[in-house]
Structure formats: structure tokens, C-alpha cells
Amino acid sequence: MKAILIKQTGGPEVLNYTDVPVPVPKSGEVLVKVVASGVNFIDIYYREGRYKTSLPFVDGQEGAGTVESLGLGVTGFALGDHVAWCMVLGTYAEYAIVPADRLVPVPPHLDLKLAAAALLQGMTAHYLVHSTFPLKSGETALVHAAAGGTGLLLTQMASQIGARVIATVSTEEKAALARAAGATEIILYTHTDFESETKRLTDGRGVDVVYDSVGKTTFEKSLNTLRPRGMMVLFGGASGAVPPFDLIELSTKGSLYVTRPTLKHYILTRDDLLARAWAVLSAVDAGTLKVRMEHTYPLSEARQAHLDLAGRKTTGKLLLIP
Ligand code: NDP
């Protein structure tokens with residue numbers, strides 16, 4: 001089968017479109033024929049070696065497809081079932097091995113590409129607004145990179161709760177998308193200082209929560225936009241890792257809270273995974289959660305997909321189609 005194999009970590013050039021054997025499912029595992037693989041920023045961290053795994057490996061950790069074969073002892077799935085999964089490496093390929101307890105059923109009429117596009121970023125947005133900082137109607141959130149894959153879903157979910165969303169984006173095109181997703185105010189943070197603008201928009205009070213996935217270039221200023229005892233949710237580092245900082249700053253800036261969450265810990269049990277996946281996939285199926293899928297590439301063009309995502313050229317979701 002064709003797959004994108006990484007033999008050594010590095011730039012996009014280490015993504016090799018090559019032939020590898022079709023894997024065989026072991027006990028408790030399922031072989032899935034991949035219909036679409038999501039491309040996520042975490043795939044870049046793995047490619048670069050920021051997140052470690054043993055070499056060589058097939059990049060990608062989000063997919064949807066049909067069950068091809070079952071390992072020993074697998075129950076609850078049958079050949080041909082429509083399934084989706086995430087946070088399991090190896091989806092940039094024609095076939096992927098997934099532990100059965102990490103697979104989720106896809107609603108019968110939902111396009112598998114849509115399922116692949118929604119699952120990881122949708123469950124991320126879901127845990128951020130419902131579990132990490134359970135947003136309430138009337139509260140104000142600052143959402144960075146609001147026209148990105150995760151950002152558009154996060155903005156929709158936060159605004160559907162009734163929260164006021166102040167969104168940052170880099171271009172006018174992205175501003176229009178964030179506004180359509182429900183953002184109340186947009187800041188072009190490449191032109192305007194988002195710290196002073198957020199303070200102005202909140203009459204100096206500050207926001208209740210910042211959802212910051214940009215990291216290095218935004219973290220310090222994001223802290224300054226929070227109200228006393230507000231929460232900084234640092235959930236990524238698209239611009240680079242945040243350098244170590246002195247915890248005393250949390251006191252001087254207003255007895256702030258900081259958390260660095262990751263999806264894995266919000267879908268630890270099978271019940272958690274199924275509940276969160278169902279909340280996302282059923283909302284997509286019902287049309288109440290819109291997924292923007294403007295960037296679809298053949299599997300062989302994984303390098304271009306990574307270049308576009310890291311180059312801030314994309315909006316919404318990127319998919320690789322084997
Ligand atoms: P996006 O589609 O959001 O793409 C990243 C966006 O970040 C860009 O479009 C860009 O938007 C913004 N950005 C700002 N500065 C930079 C920079 N220097 N380089 C590149 N991009 C920059 O990607 P994803 O939705 O896949 O991921 C978004 C973030 O969420 C990532 O940090 C990722 O690690 C994190 N994440 C975390 C999860 C978790 O559980 N912790 C799970 C899923 C994602 P603009 O041009 O508008 O600035």
C-alpha cells in the first residue's frame with residue numbers, strides 16, 4: 001500500500017510517499033481502509049520531532065474509513081462498518097491499524113470525509129468549551145487563530161453556548177470566516193495589538209478565558225487580556241513553544257489560572273470517547289456544526305499540505321485522500 005513514511009524527523013521533505021506492507025491487525029486491533037486522513041498541526045510536531053515516537057513511522061492521527069479486517073477477540077465491529085478515530089499514529093496511508101477501543105461508529109449517512117475532518121478538532125473544541133473552562137452564556141472568550149480548523153469549530157461551539165467570542169486572525173478572508181462562525185469581534189492580530197484591543201473591547205475588564213493555540217508569539221499578551229482569576233488555556237504552539245516563565249506572573253497579573261490541556265486526557269475512557277465523538281459527529285450530521293473542507297489533497301501531496309498548514313495559508317480543515 002501507499003503511505004507517507006518518516007524515516008528521520010525534519011522539514012516537509014522527510015514526508016516520503018512510498019510503498020509499505022499492508023499491516024496485519026493483532027489481537028484487539030482493527031484494520032481500516034482509510035477514506036480520508038485529517039491533517040493536524042500535531043502531525044507537524046511529530047514530523048519535526050517536537051513530539052517523539054520511534055522511527056520509522058507513518059504520520060497522521062485522524063481518519064475515517066471502512067472496517068477491512070478484525071484482529072482476534074474484536075467484538076462490536078463488522079466488516080464494512082463506517083468508523084472514525086484519532087490520536088492513533090499512522091493515518092497517512094491506504095490502510096491503518098486502530099485498537100478497537102479507539103474506534104467510533106460514524107452515523108450511517110454521514111460522509112466519511114466529513115467524519116475525518118470533524119473528529120479530532122471537533123472533540124478538541126468540545127472539551128475546551130465544555131470541560132477545560134466550561135463556558136457560560138454571557139462570558140467572554142478570546143479565541144486565537146479563529147479561522148483555523150480547530151478555531152472555526154471552537155468559535156461556533158462557544159457562540160452557540162451564548163458566549164461572546166473575540167477572535168484573532170491574520171487576514172480579512174479569515175476574519176469573514178470567523179465572523180460567520182459566530183465571533184462577535186475580530187482582531188487582525190498581524191496589524192493590531194490584540195492585547196490593547198481586547199482590553200478596549202471589554203472596557204478594561206478583560207476576558208474570562210483565552211483559548212490560545214498559537215503559543216510563543218501570543219502567550220504573554222494573552223495573559224494580559226485576562227480578568228482577575230481568568231483562565232489561560234494554552235492548547236498548542238503553532239508559532240512555537242512558549243518559553244519557561246515565572247509562576248509569580250500569575251499572581252501579579254491577577255491570580256490567573258493556566259492549563260496546558262491535550263485531547264488524549266479528555267477521551268481517556270471509552271465512555272468519554274464515545275460521548276464526545278457522538279456530540280461532535282451528530283452535530284455535524286444535523287448541520288448544527290459546520291466543517292469547512294476547502295483543502296483536500298491526494299495522499300502523495302502530504303508535503304504540500306504541511307507547507308500550507310504551517311504557512312498559514314489554510315482555513316478550516318485539511319484532508320489527505322489515499
Ligand atoms: P490551524 O488550522 O488552526 O492552523 C494554525 C493557525 O495558527 C494558522 O492558520 C494561523 O492562523 C495560526 N498561526 C499563528 N501564528 C502562526 C505561525 N507562526 N505559524 C503557523 N500558524 C500560525 O491548525 P489546527 O487546527 O490543526 O491546530 C491549531 C492549534 O491547535 C495547533 O497549535 C495545535 O497544536 C492545537 N491543537 C491542540 C489540541 C490539544 O488537544 N491540545 C488538539 C488539536 C489542535 P492565522 O493566520 O489566522 O494567524
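Atoms within a ligand are numbered from 1 in the order they appear, just like the ligands themselves. Just so it is clear, the values below take in all heavy atoms, side chains as well, and ignore hydrogens, waters and symmetry mates.
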(request) List for me each residue that meets side chain to side chain contact (heavy atoms under 4.5 Å, CB included) alongside S27, sequence neighbours excluded, and say none if there are none. (result) L72
(message) Quick test of your reading of the model: are R179 and E172 salt-bridged, counting only N-O distances below 4.0 Å?
(response) no
One pair per line, please: each N/O atom of ligand 1 matched with every protein N/O atom under 3.5 Å away, atom names first, then the distance to 0.1 Å.
from     : atom 1 : to   : atom 2 : distance (Å)
ligand 1 : 2 (O)  : G149 : N      : 2.9
ligand 1 : 9 (O)  : K174 : NZ     : 3.4
ligand 1 : 19 (N) : A238 : O      : 3.3
ligand 1 : 25 (O) : Q121 : NE2    : 3.1
ligand 1 : 25 (O) : T150 : N      : 2.9
ligand 1 : 25 (O) : T150 : OG1    : 2.7
ligand 1 : 26 (O) : F41  : N      : 3.1
ligand 1 : 26 (O) : Q121 : NE2    : 3.1
ligand 1 : 32 (O) : Y45  : OH     : 3.0
ligand 1 : 32 (O) : S213 : O      : 2.8
ligand 1 : 32 (O) : G237 : N      : 3.3
ligand 1 : 34 (O) : Y45  : OH     : 2.8
ligand 1 : 40 (O) : Y127 : OH     : 2.7
ligand 1 : 40 (O) : L263 : N      : 2.8
ligand 1 : 41 (N) : Y127 : OH     : 3.4
ligand 1 : 41 (N) : F235 : O      : 2.9
ligand 1 : 41 (N) : P261 : O      : 3.0
ligand 1 : 46 (O) : S170 : OG     : 2.6
ligand 1 : 46 (O) : K174 : NZ     : 2.6
ligand 1 : 46 (O) : R312 : NE     : 3.2
ligand 1 : 47 (O) : S170 : N      : 3.1
ligand 1 : 48 (O) : Y189 : OH     : 2.4
ligand 1 : 48 (O) : R312 : NE     : 3.4
ligand 1 : 48 (O) : R312 : NH2    : 2.7

(message) I want to know whether Y257 and F133 have ring centres closer than 6.0 Å.
(response) no
(request) Please name all residues satisfying salt bridge (charged side-chain N to carboxylate O under 4.0 Å, His left out) with K253, sequence neighbours left out, ordered by chain then number. (result) E220, E249
(message) Can you list everything that forms a ring pair (Phe, Tyr, Trp, His ring centres under 6.0 Å) with H144? Sequence neighbours excluded, please.
(response) Y189, F194
(request) Let me know which of T168, D212, T198 forms a side-chain hydrogen bond (donor to acceptor under 3.5 Å, both in side chains) with S222. (result) D212
